[in-house]
Structure formats: C-alpha cells, structure tokens
Amino acid sequence: MTPKKQVKKRLNCKFSTWRAKAKKIAPTDSSLLADLKSAERDWKNWENQAAKFNAEIKQIENESRAFEGELTHILQSLPFTQTSLDTWLQGEKERLAKLESERDALIQKQGLVAHIHLLHDGEACPLCGALEHPDPLQAAEEAIELDEKTREIGLTKDQIQQIQNSIQKQNELAIHVENFRKNKEAKQTEIEQLSQQIANLKSTLSIQGIETQESLSAKIQQISDSAKKPRKASA
C-alpha cells in the first residue's frame, strides 16, 4: 500500500471514529438543549405570572383602602357618646319608645279636653273617672307639646333609618374588605410558590454554570451552534 493510501486510510478511520462519537454526543446535546429551552420558557412564564399577581395585589390594596375609607367615614358619623352603630341604634329605639309613650299620654289628655264641657269640679270624669280635670290653658300648652313630640318622633324615626342604612353599608363594606384580604393572601401564596419554583430552577441550572436568564439564553445558543457543526462535517 502506498504511503498516500495509508494516510488516506488513517484519515478515514479517524473520521469514522469522530462521526461515531458525534452521534453519541448529539442525542445528549439535543436532550440538554430541549431541557434548557423548556427551563427558559418556564422561567419567563413564572416571572410573568408573579409580576401579574403583584399588579393584582396592588389593585386589591387600592380598592381595599377605598372601602376601609368608607368604613372610617361611617364610624366618624357616630356621636362622641356612642361606641358603635349598634349601641347608637339601640339608644335611638329606646328614645323613640319613650317619645311615643309621652305622645300617647298627651293624646289621651287632648281627648279629655274635647269633653271639658262635661267636667265639673269635685265630680268624677265620665270618661276616665278622674277627680282632677285639665286646665284649658294647660291643655293649649300640651297641644303645642304634642306637636313637638310628634315632630321629634318623626326625626327620631328618620335617624333610626339612617343608622340602619349605615349598619347595612358597614356590613357590606366589611364583607368586601374581608374578601379582598383573602384574595390578597391567595395571590401572595401563588407568588411564594412561583418564587420557590424559580429558586429550584436556578439551583438546577447553576450546575451548568447558569445564573441568569441571559446566561441561559447564551448556553442555548452555544449548544445550538455546536449541534450544527457535526451535521456540516458529515454532509
């Protein structure tokens, strides 16, 4: 065999050996490349999701503060003598009952005045049996008082309705605030889970010397470029 043919034979042997090694390496590189690309997608998706949840948490906090402001405004309407809307409502209801009782007593007296012509000193009232009879002047004053009681009763009923409306609004706002709190906690839990997934991924990638998304992209590009060389050489 001529020297030229011997050289050619040795080169062919080396080339065959190199091609065999390349075939063994290629699947490994291909698998690694697929894993790294998957990691790149996951990393970006998890960070995007975390950013989305953080934005939603800020919106929740803003809305929650608005509702808490409304709650504070409602409580500021409390008289300084009251500690809560419920105690204020109870006090107004008791006041209403007293006013209505006083009004009823005045109405009864007014009914007696209508029959004053039947009343005589020392004789029992034919309607109620009382021995003392109303003074006409006092009756006039009591008529004015009755009007005032009726007006106070109307105002007290309006106040009670306003307090009841405030209590209902307070309860609704409290429910909203509680829902915001639960929603915020749920999203914070999601963020913590995503952060842990990212941390685990970074720990795995650090074995390859990858610490950032930029170095991950560079590694993917490097393997992709290397994968092309054996195909060119074997063509």
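To the nearest 0.5 Å, atom CD of residue Gln188 and atom CG of residue Asn54 are 9.0 Å apart. Leu36 CG to Gln221 CD: the interatomic distance, rounded to the nearest 0.5 Å, is 12.5 Å. Rounding to the nearest 0.5 Å gives a distance of 8.0 Å between CG of Leu173 and CD of Gln170. Atom CZ in Arg65 sits 11.5 Å away from atom CD1 in Ile60 (nearest 0.5 Å). Rounded to the nearest 0.5 angstrom, Thr87 OG1 and Leu78 CG are separated by 7.0 Å. Expressed to the nearest 0.5 Å, how far OG1 of Thr150 lies from CD of Glu145 amounts to 10.5 Å.
Leu71 and Ile175 fall into different hydrophobic clusters, where Ile, Leu, Val, Met, Phe, Trp and Tyr are joined by side-chain heavy atoms under 4.5 Å apart, directly or via other members. With hydrophobic clusters built from ILVMFWY side chains whose heavy atoms lie under 4.5 angstrom apart, Ile223 shares a cluster with Ile210. The hydrophobic cluster containing Phe180 does not contain Ile191, counting ILVMFWY residues as joined when their side-chain heavy atoms lie under 4.5 angstrom apart, directly or transitively. Connection of Leu194 to Leu201 is established within a shared hydrophobic cluster, with ILVMFWY side chains joined at heavy-atom distances below 4.5 Å, either directly or through further cluster members. Cluster annotation: Leu146 and Leu96 are assigned to distinct hydrophobic clusters (Ile/Leu/Val/Met/Phe/Trp/Tyr, side-chain heavy-atom contacts under 4.5 Å, transitive).
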TODO: Please lay out, stage by stage, how Glu63 and Gln59 fare under the test side-chain hydrogen bond (donor to acceptor under 3.5 Å, both in side chains).
DONE: CA-CA 6 Å; Glu63 293 178 358; Gln59 182 178 352; 3.3 Å; yes

TODO: Applying side chain to side chain contact (heavy atoms under 4.5 Å, CB included), run through Gln208 and Leu32 and close with a yes or a no.
DONE: CA-CA 10 Å; Gln208 299 287 334; Leu32 176 60; 4.2 Å; yes

TODO: Quick one: do Glu152 and Arg103 satisfy salt bridge (charged side-chain N to carboxylate O under 4.0 Å, His left out)? Show the steps, please.
DONE: CA-CA 10 Å; Glu152 286 185 43; Arg103 178 199 60 186; over 6 Å; no

TODO: Under the side-chain hydrogen bond (donor to acceptor under 3.5 Å, both in side chains) rule, what do Gln196 and Asn200 come out as? Steps first, then yes or no, please.
DONE: CA-CA 6 Å; Gln196 186 59 53; Asn200 292 340; 2.9 Å; yes

- [ ] Take Glu40 and Ser217, measure what side-chain hydrogen bond (donor to acceptor under 3.5 Å, both in side chains) needs, and give me the verdict at the end.
- [x] CA-CA 7 Å; Glu40 184 180 42; Ser217 297; 2.7 Å; yes

- [ ] Kindly indicate, with the supporting measurements, whether the criterion salt bridge (charged side-chain N to carboxylate O under 4.0 Å, His left out) is fulfilled by Lys44 and Glu47.
- [x] CA-CA 5 Å; Lys44 289 180 179 178; Glu47 286 198 341; over 6 Å; no

Task: CA sep, side-chain torsions, deciding dist, call: Lys184, Arg181, side chain to side chain contact (heavy atoms under 4.5 Å, CB included) - done: CA-CA 5 Å; Lys184 178 181 176 180; Arg181 183 189 65 78; 5.8 Å; no

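With Thr189 contributing its side chain and Glu185 its backbone, the two residues share a donor-acceptor pair below 3.5 Å. Within the 3.5 Å criterion, the main-chain N or O of Ala34 finds no donor-acceptor partner in the side chain of Ser38. Looking only at distances, a side-chain donor or acceptor of Asn45 sits under 3.5 Å from a matching main-chain atom of Arg41. When atom types are taken as modelled, the side chain of Ser203 and the backbone of Ala199 share no donor-acceptor pair closer than 3.5 angstrom.
Across every non-hydrogen atom of Ile57 and Lys187, the tightest pair is CG1-CB, 3.9 Å. In this structure, Ser224 and Leu33 approach most closely via the heavy-atom pair OG-CD1, 3.6 Å.
Residue-environment remark: NZ (Lys202) stays at or below the threshold of 12 foreign heavy atoms within 6.0 Å.
Looking only at side-chain heavy atoms (C-beta outward), Lys169 and Glu172 come within less than 4.5 Å of each other. Using a 4.5 Å heavy-atom cutoff, the side chains of Ile163 and Gln159 are in contact.
Between Lys52 and Glu56, at least one side-chain nitrogen of the basic residue sits less than 4.0 Å from a carboxylate oxygen of the acidic one, meeting the salt-bridge criterion.
A side-chain donor from one of Glu94 and Gln90 sits under 3.5 Å from a side-chain acceptor of the other. Side-chain atoms of Gln161 and Asn165 include a donor-acceptor pair closer than 3.5 Å.
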